[in-house]
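Read the structure below first, then the notes.
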Amino acid sequence: MKKNLPYDKTDPKSIEKYAQRLIDHCLSEFLDEKKRRKLHYASNVRKKGGFGQLIEEEYFKIRPGTDKGPDFKEAGVELKTSPLKEMRDGWWSKERLVLGIINYDDIVDETWEKSSFKRKNDLLLLIFYLYREGILIIDLIIRHARLWRIPDDDIPIIKNDWETIQEKVKKGLAHEISEGDTLYLGACTKGVTKASVRSQPASKTKAKQRAFAFKQKYVNFILKSFLRDLGFIIKDSDRIVKDNKEYEDGKRLEQIVIDRFKPYLGRSIRDISKELQIKIDEKAKNYNDILTKMILGVINTRIEEFEKADIVVKSIVLEENGKLRESVSFPAFDYIELSKETDWDSSALKQLFEKKFFFVIYQKNGDDSKILKKVMFWNMPYADLNKEVKSVWKETIKRIKAGDCDNLPRISDNRVSHVRPHGRDKRDVCMAPNGKSYTKKCFWLNAKYVRDQIGITD
DNA sequence: GCATGATCATGC
DNA sequence: GCATGATCATGC
């Protein structure tokens, strides 16, 4: 360790101030010529994982130790770097923000308050950089550098997330952990190879190595708070839970949401909208959005908790006889992008179906009206995702590569998912790898499968 | 103008 | 009654 550091290593504010000199600059500007030339040829300047490491070593002049405590021990500050990608409306989170590896053997004996997670990640120094493909990491521009800790409003949910993950390990189900299990804090796979597995205390089955991570959508809210402080006007969202007292006794967001709906179940849309004094056109395709927001007390904006947790809201309409007619659609895929995928675990489809869903279930009522029947949170069972959907994904890619784009897996081919057109109309096409254009298509969840999953039996 | 969620239309 | 293809409607 160098003696004369250009910052006070015991003072978080001093570390932050020093970090902020990086803003609008890249790391190479702070290196001497010799070092720069040396690093230019080093292997770790090409891997994005090396970015955090280089910032620590070459800029802060610290050697990251073991993963027991935070990087700046004396100040209790943990350094995290994370990439932003350019979107239509600015630079936003490129990926989830990965925190420490989960030690399955230790977590079962911890409590949230005394967890190693909390000890290590209590105060973060977040450095966000602008990611550009093909650019050496020492030449990437830094956009934000700020101290950050979990806001009080988010703690109940993150604590519940941590406990959900802990619970799964306690039950010997570490190998079935999914990002859809939790809301803001996920457990993402992490390892040198995809095959990295480790033992778990309550089962003989080896589990993939995982790390805690703030979900990508959650990271965007961190960025929004930074931008607000910089004077940017950021569009508002509205919370379901306005007072954290609602989370007392360990009550979960899911339960709070379901409770909010209870007074309205079994009633017609017309009846509910009359009571809530809103106009809902039941023919409009967004009636479900409006009704859901009104019942949750979110007006004219987005549902903050759902956005942060990347929860997908879907309306499901049962026929009079209780059957579900329509399968559930998703955004259209790009034939070329899809055909390039080789790894299921990092595929767009797995990411999509791994999310948590909120189903708002209606039933048709004969006289052209609909009854709000049930609401539920859902995420896809592990095997359905990693066996059934995976096989549909594989087969789809195989046929696209073979140029067989109008003959993709049908509803009768798989219990869970199929492929079908999904565009504005049939002229809405998209190029395939063979150079021809085909109607846009997407993966669907089979109606029958969804019906089984929502557990309505009459 | 387009992406996306939702739903319709047709034919067997 | 279901499979499949096609299209509507809204919001950004």
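Residue numbering restarts at 1 for every chain, and letters A, B, ... go by the order of the sequence lines.
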Choose from [options] the nucleotide whose nearest atom is closest to any side-chain atom of [X].
| X | options | answer |
| --- | --- | --- |
| A:Ser315 | B:dA3, B:dA6, C:dT10 | B:dA6 |
| A:Glu326 | B:dC8, C:dG5, C:dC12 | B:dC8 |
| A:Pro421 | B:dC8, B:dC2, C:dA6 | C:dA6 |
| A:Trp444 | B:dT4, B:dT7, B:dC8 | B:dT7 |
| A:Lys235 | B:dT4, B:dA6, C:dC12 | C:dC12 |
| A:His422 | B:dT4, C:dC12, B:dT7 | B:dT4 |
| A:Lys426 | B:dG5, B:dT10, C:dT7 | C:dT7 |

Checklist line | Between A:Asn434 and A:Tyr335: side-chain donor-acceptor atoms closer than 3.5 Å | finding: no
Check: A:Phe330 and A:Phe443: aromatic ring centres closer than 6.0 Å?
Finding: no
Could you check whether [X] gets within reach of a base, just the sugar-phosphate, or nothing at all, counting any heavy atom under 4.0 Å?
| X | result |
| --- | --- |
| A:Val317 | sugar-phosphate |
| A:Arg325 | base |
| A:Tyr287 | sugar-phosphate |

Item checked: Pi-cation contact, A:Phe221 with A:Lys224 (under 6.0 Å, within 45°) -> yes
Next item on the list: May I ask you to check if A:Lys314 and A:Phe359 form a cation-pi contact, with NZ or CZ under 6.0 angstrom from the six-membered ring centre and within 45° of the axis?
Entry: no
Item checked: Any N/O donor-acceptor pair, A:Ser329 side-chain to B:dA6 base, under 3.5 Å -> yes
Margin query: Quiz question: going by heavy-atom distance under 3.5 Å, is there a donor-acceptor pair between the base of C:dA9 and the side chain of A:Lys285?
Written below: no
Roughly how many Å is it from [atom1] in [X] to [atom2] in [N], rounded to a whole number?
| X | N | atom1 | atom2 | result |
| --- | --- | --- | --- | --- |
| A:Asn288 | C:dA9 | CG | P | 17 Å |
| A:His418 | C:dA6 | NE2 | P | 14 Å |
| A:Arg427 | C:dT7 | CZ | P | 7 Å |
| A:Lys440 | C:dT7 | NZ | P | 14 Å |
| A:Arg410 | C:dC2 | CZ | P | 18 Å |
| A:Met87 | B:dA3 | CE | P | 13 Å |
| A:Lys448 | C:dT4 | NZ | P | 11 Å |
| A:Phe443 | B:dT4 | CZ | P | 15 Å |

Note to self: Side chains of A:Trp444 and A:Val419, heavy atoms from C-beta outward: is any pair under 4.5 Å?
What the structure shows: no
Item checked: First of A:Gly423 and A:Ile411 reached from the 5' end of DNA chain C, by closest nucleotide -> A:Ile411
Next item on the list: Please tell me which of A:Val419 and A:Ala284 maps to the more 5' nucleotide of DNA chain C, matching each residue to the nucleotide holding its nearest heavy atom.
Entry: A:Val419
Item checked: Nearest heavy-atom neighbours spanning A:Asp425 and A:Thr439 -> O-CG2, 4.4 Å
Item checked: Phosphate contact (C:dA6 OP1 or OP2) by A:Lys441 side-chain N/O below 4.0 Å -> no
Check: Side-chain N or O of A:Asn286 less than 4.0 angstrom from OP1 or OP2 on C:dG11?
Finding: yes
Item checked: Comparing A:Glu282 and A:Asp428 on DNA chain B - which has the more 5′ nearest nucleotide -> A:Asp428
